[in-house]
A.B. asks: 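Mind looking over this structure? Questions follow.
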Amino acid sequence: MEIKQYIKENEARFMEELFSLIRIPSISALPEHKDDMLACALRWKELLLAAGADEAMVMPSQGNPLVFAQKHVSNDAPTLLIYAHYDVMPAEPLDLWKSQPFEPEIRDGHIWARGADDDKGQAMIQVKAFEYVVKNGLLKHNVKFIFEGEEEIGSPSLNTFIKEHKELLKADIILVSDTSMLGADLPSLTTGLRGLAYWEIEVTGPNRDLHSGHFGGAVANPINTLCSMLAQVIGEDGHITIPHFYDDVEEVPAAEREMIAQIPFDEKKYMEAIGVKALKGEKGYSTLERNSCRPSFDICGIWGGYTGEGSKTVLPSKAYAKVSCRLVPHQNHAVISQLFVDYIQSIAPEYVQVKVTPMHGGEGYVCPITLPAYQAAEKGFAKAFGKKTLAVRRGGSIPIISDFEQILGIKTVLMGFGLESDAIHSPNENFSLDIFRKGIEAVVEFHLNY
């Protein structure tokens, strides 16, 4: 049976299986969802066995459990390791959702729910393509699956798990569907990812909250001070001011910049889609270079003082911020993390105490387009979408990809099907049914060509 017909005849089942996963609020960032993490892992185990895996198991880690499954074809055949994650981001703010985030709905040709794209929908693409090639006797290589439950909090347990199970995870190539395309009609493969460094900052002033009338103007306000410090991290030209920050940044070669310039990109539509009137970034680089090939610094959250209804004239004792840097290949996240800590401490004024706590991080990654597996993925996209596949670097981070390379010694092909409009991590996350179907076709073609 042809793949298009197989999808058509089985789509109702595919949706119910996907919905059974989405209905489990596997939010790794919130400890009250610990039982949901296990429930989601167990459901994936059932679905992988049903899809044709020889064995599947839920394995413990230092944090949330992992799901491992495999299908053995031959000792002489290459082995493909498919990675995905089953945890999702929190759904807040709930009032901005048009439907319940964990009760999936199909509207206007899209699946609407938290995890519809990231990463339950994309993982399901991999599993259903696997199901098709197994049931039709088309699988020529061994396949292993590793699904984790901590990607959205930086995969803190996976590095140790990989080191402890190197033989179990031994493979020739890794395939991941957790990235995006340039557009629904612009099939593209991600050839590079940025790394990440993340910190929390705590600024303490007086030993208690003070009356702003009695003390304002005489005592430093920690929120004012924190804002002033963070404002110094980026200069007027968009350049990050941390000493030695750019020491290991590799300039984008002229040939690659020329390739990026040829990518179809409508800056006006880009701005309209996110509701801004102008763009801002590092001087001397295009928008597509800034958000993929250049490092960046962002304040991800900032709080302190009184934030309730009405007013309270308070000079707060403390202020907090969560900040991150997106890094490019060759920048070591541990080195950058320490550089940031040292810098913030160096500009901290004496009238406050500053504590900087490094959180999770990871390295950037580049996939050579000469890899046979990359070329198989390229053929998969071309077959499913009917267009030449573009090679692009993306601005996001999947820190575990560099860990895979460093620990297992193998490369990863990033075969993602998301779109910017899918609103992953935001209210009203969604996934196109048309992309879902084409994704399955593309991965089937990958299997046939690998």
A.B. asks: List in chain and number order the residues that pass salt bridge (Lys or Arg N to Asp or Glu O under 4.0 Å) with Arg290, two or more places apart in sequence or in another chain; answer none if no residue qualifies.
C.D. replies: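 Result, salt bridge (Lys or Arg N to Asp or Glu O under 4.0 Å) vs Arg290: none returned.
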A.B. asks: Partners of Ser157 by side chain to side chain contact (heavy atoms under 4.5 Å, CB included), sequence neighbours excluded?
C.D. replies: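 Counting only residues at least two positions away or on another chain, Ser157 forms a side chain to side chain contact (heavy atoms under 4.5 Å, CB included) with Ser61, Gln62, Glu150.
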A.B. asks: Can you name the side chain to side chain contact (heavy atoms under 4.5 Å, CB included) partners of Leu42, sequence neighbours left out?
C.D. replies: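 If we apply the side chain to side chain contact (heavy atoms under 4.5 Å, CB included) test to Leu42, skipping adjacent residues, the hits are Leu38, Val58.
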A.B. asks: Strictly by salt bridge (Lys or Arg N to Asp or Glu O under 4.0 Å), give each pair with a member in residues 395-414 just once, sequence neighbours left out.
C.D. replies: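 Found Glu405-Lys411.
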A.B. asks: Mind checking salt bridge (Lys or Arg N to Asp or Glu O under 4.0 Å) for Glu200 and listing every partner two or more places apart, or none if nothing turns up?
C.D. replies: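 Glu200 satisfies salt bridge (Lys or Arg N to Asp or Glu O under 4.0 Å) with Lys322 once adjacent residues are dropped.
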A.B. asks: Please enumerate all residues that pass side-chain hydrogen bond (donor to acceptor under 3.5 Å, both in side chains) together with Asp434, with sequence neighbours excluded.
C.D. replies: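 Asp434 satisfies side-chain hydrogen bond (donor to acceptor under 3.5 Å, both in side chains) with Lys438 once adjacent residues are dropped.
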A.B. asks: What residues, two or more places apart in sequence or in another chain, satisfy side chain to side chain contact (heavy atoms under 4.5 Å, CB included) together with Lys383?
C.D. replies: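 Testing Lys383 for side chain to side chain contact (heavy atoms under 4.5 Å, CB included), a comparison that skips the adjacent residues, returns Glu445.
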A.B. asks: Can you run down the ring-ring contact (aromatic ring centres under 6.0 Å, His included) pairs that involve residues 397-426, sequence neighbours left out, and say none if there aren't any?
C.D. replies: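 Residue pairs with at least one partner in residues 397-426: Tyr83-Phe404, Phe381-Phe417.
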A.B. asks: Applying side chain to side chain contact (heavy atoms under 4.5 Å, CB included), can you list everything that pairs with Thr370, at least two apart in sequence or on another chain?
C.D. replies: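 Scan of Thr370 (side chain to side chain contact (heavy atoms under 4.5 Å, CB included), adjacent residues dropped) gives Pro368.
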A.B. asks: Just to verify, what does Lys379 make a side-chain hydrogen bond (donor to acceptor under 3.5 Å, both in side chains) with, not counting sequence neighbours?
C.D. replies: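 Partners of Lys379 under the side-chain hydrogen bond (donor to acceptor under 3.5 Å, both in side chains) test: none.
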A.B. asks: If the condition is side-chain hydrogen bond (donor to acceptor under 3.5 Å, both in side chains), which residues does Arg437 pass it with, not counting sequence neighbours?
C.D. replies: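 Only Glu11 meet the side-chain hydrogen bond (donor to acceptor under 3.5 Å, both in side chains) criterion with Arg437.
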A.B. asks: According to side-chain hydrogen bond (donor to acceptor under 3.5 Å, both in side chains), who are the partners of Lys387, at least two apart in sequence or on a separate chain?
C.D. replies: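 Lys387 satisfies side-chain hydrogen bond (donor to acceptor under 3.5 Å, both in side chains) with no residue once adjacent residues are dropped.
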